[in-house]
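Here's the structure, in structure tokens; my notes come after.
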Amino acid sequence: MADRNSIKYVGVARLGSRSFVMIASYCVDDNEEEYNNYWAKILKQDDKLIEGKLLLIPASGKSYNFLVKSPRTDTDFDVKTAVVGVVGKSLPKSKCANLCNVVWSAFKDKFTARRVLLADGGGLDSASRELFKKAISDVENDRVDKIKSKLNDVKSAMKENLISAVNRGEDLEKIEDDARDLDADAQNFNRTAVKLRRFMCCKNAKWTIMLTLLIMVIIAVIVIIAVCSNGDTCKQDNNNDN
């Protein structure tokens with residue numbers, strides 16, 4: 001990951017026959033004159049500027065690199081141009097290329113080819129300042145940062161989910177304990193119900209036996225009374241016959 005503010009300077013140059021005009025640039029530190037003098041040497045070496053290729057030149061004794069890219073000819077914008085920049089040595093080459101692409105795309109969308117042709121050196125500086133600021137911001141805050149931000153969001157969400165899961169786990173344990181207690185109460189109730197049912201069966205059997213014995217006693221008494229009554233009647237009959 002590149003250091004913040006590793007992009008020091010960006011610009012767009014209009015190229016001519018072994019000459020160039022810096023028509024728009026933006027510098028984030030105090031070395032703009034140094035950068036422009038260096039460009040004057042590099043951009044006049046047409047043989048080094050291959051269309052569509054990125055030229056990355058280490059600055060001698062400096063902590064940064066100079067980069068140049070001459071965009072491919074576009075039918076809608078066929079002015080010969082070059083995107084230039086000064087970047088920290090830690091900035092990957094892929095990001096350097098991305099910086100040129102972002103700058104050129106934004107620049108081409110904002111300015112017409114005629115306006116570029118008519119511009120004097122630095123003529124578009126004020127108009128392009130915000131454009132370059134945004135390009136620098138877009139490259140330095142690239143998808144790696146966005147991915148890291150998303151990862152942090154995911155980590156936060158996972159942390160919250162884990163906390164919720166732990167809380168749910170505690171609730172589940174409480175529910176499980178309550179379920180076990182309820183199951184134990186149900187078993188105790190079943191045992192009590194069985195005992196009560198047995199007790200009621202025994203009580204019913206006892207009353208049934210007692211009632212049966214009572215009925216049998218009553219019947220026996222009735223039978224005895226009836227027999228005795230018949231016996232007395234028979235004796236009277238016999239006495240009368242005599």
If I compare all heavy atoms of [X] with all of [Y], which pair ends up nearest, and what's the gap?
| X | Y | value |
| --- | --- | --- |
| Ala119 | Leu124 | CB-CG, 4.1 Å |
| Pro71 | Glu51 | O-CG, 3.5 Å |
| Phe77 | Ala113 | CE1-N, 3.4 Å |
| Ile7 | Val28 | O-CG2, 3.4 Å |
| Lys110 | Ala127 | NZ-O, 2.7 Å |
| Trp39 | Val86 | CZ2-CG2, 4.1 Å |

- Audit row: Val10, Val84, side chain to side chain contact (heavy atoms under 4.5 Å, CB included) steps and yes/no: CA-CA 6 Å; Val10 292; Val84 297; over 6 Å; no
Got a donor-acceptor contact below 3.5 angstrom from the [X] side chain to the [Y] backbone?
| X | Y | result |
| --- | --- | --- |
| Ser105 | Asn101 | no |
| Thr112 | Arg115 | yes |
| Lys93 | Leu54 | no |
| Asp125 | Ser25 | yes |
| Ser70 | Thr81 | yes |

At what distance, to the nearest 0.5 angstrom, does [atom1] of [X] lie from [atom2] of [Y]?
| X | Y | atom1 | atom2 | answer |
| --- | --- | --- | --- | --- |
| Ser90 | Lys95 | OG | NZ | 8.5 Å |
| Leu67 | Leu99 | CG | CG | 6.0 Å |
| Arg14 | Lys80 | CZ | NZ | 13.0 Å |
| Asn204 | Phe199 | CG | CZ | 9.5 Å |
| Tyr35 | Ile42 | OH | CD1 | 12.5 Å |
| Trp207 | Thr212 | CH2 | OG1 | 12.5 Å |

- Query: Do the side-chain N and O atoms of Asn36 and Tyr9 include a donor-acceptor pair separated by under 3.5 angstrom?
  - Reply: yes
- Task: Assign the ring pair Phe107 / Trp104 to parallel, tilted or perpendicular, where the plane angle (0 to 90°) is split at 30° and 60°.
- Result: parallel
- Message: Between Leu55 and Lys69, does the side chain to side chain contact (heavy atoms under 4.5 Å, CB included) criterion hold? Intermediate values first, please.
- Response: CA-CA 6 Å; Leu55 180 63; Lys69 184 173 184 180; over 6 Å; no
So with a 6.0 Å cut-off around [atom1] of [X], is the heavy-atom count from everything else above 12?
| X | atom1 | answer |
| --- | --- | --- |
| Lys89 | NZ | yes |
| Gln187 | CD | yes |
| Arg191 | CZ | yes |
| Asn190 | CG | yes |

- Task: Answer whether the closest heavy-atom distance between the side chains of Ile136 and Val139 falls below 4.5 Å.
- Result: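 In short, these two side chains do not touch, never coming nearer than 4.5 Å.
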- Query: Under 4.0 Å between a Lys/Arg side-chain N and an Asp/Glu carboxylate O for Asp177 and Arg180?
  - Reply: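 Between Arg180 and Asp177 there is a salt bridge, with a charged N closer than 4.0 Å to a carboxylate O.
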- Item | Lys8/Glu32 ion pair, N-O < 4.0 Å |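 No.
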Mind checking whether [X] and [Y] sit in one hydrophobic cluster, side chains of I, L, V, M, F, W, Y counted as touching below 4.5 Å?
| X | Y | answer |
| --- | --- | --- |
| Val223 | Ile215 | yes |
| Ile219 | Leu211 | yes |
| Val227 | Ile218 | no |

- Could you go through the side chain to side chain contact (heavy atoms under 4.5 Å, CB included) check for Phe111 and Val12 one step at a time? CA-CA 11 Å; Phe111 303 113; Val12 174; over 6 Å; no
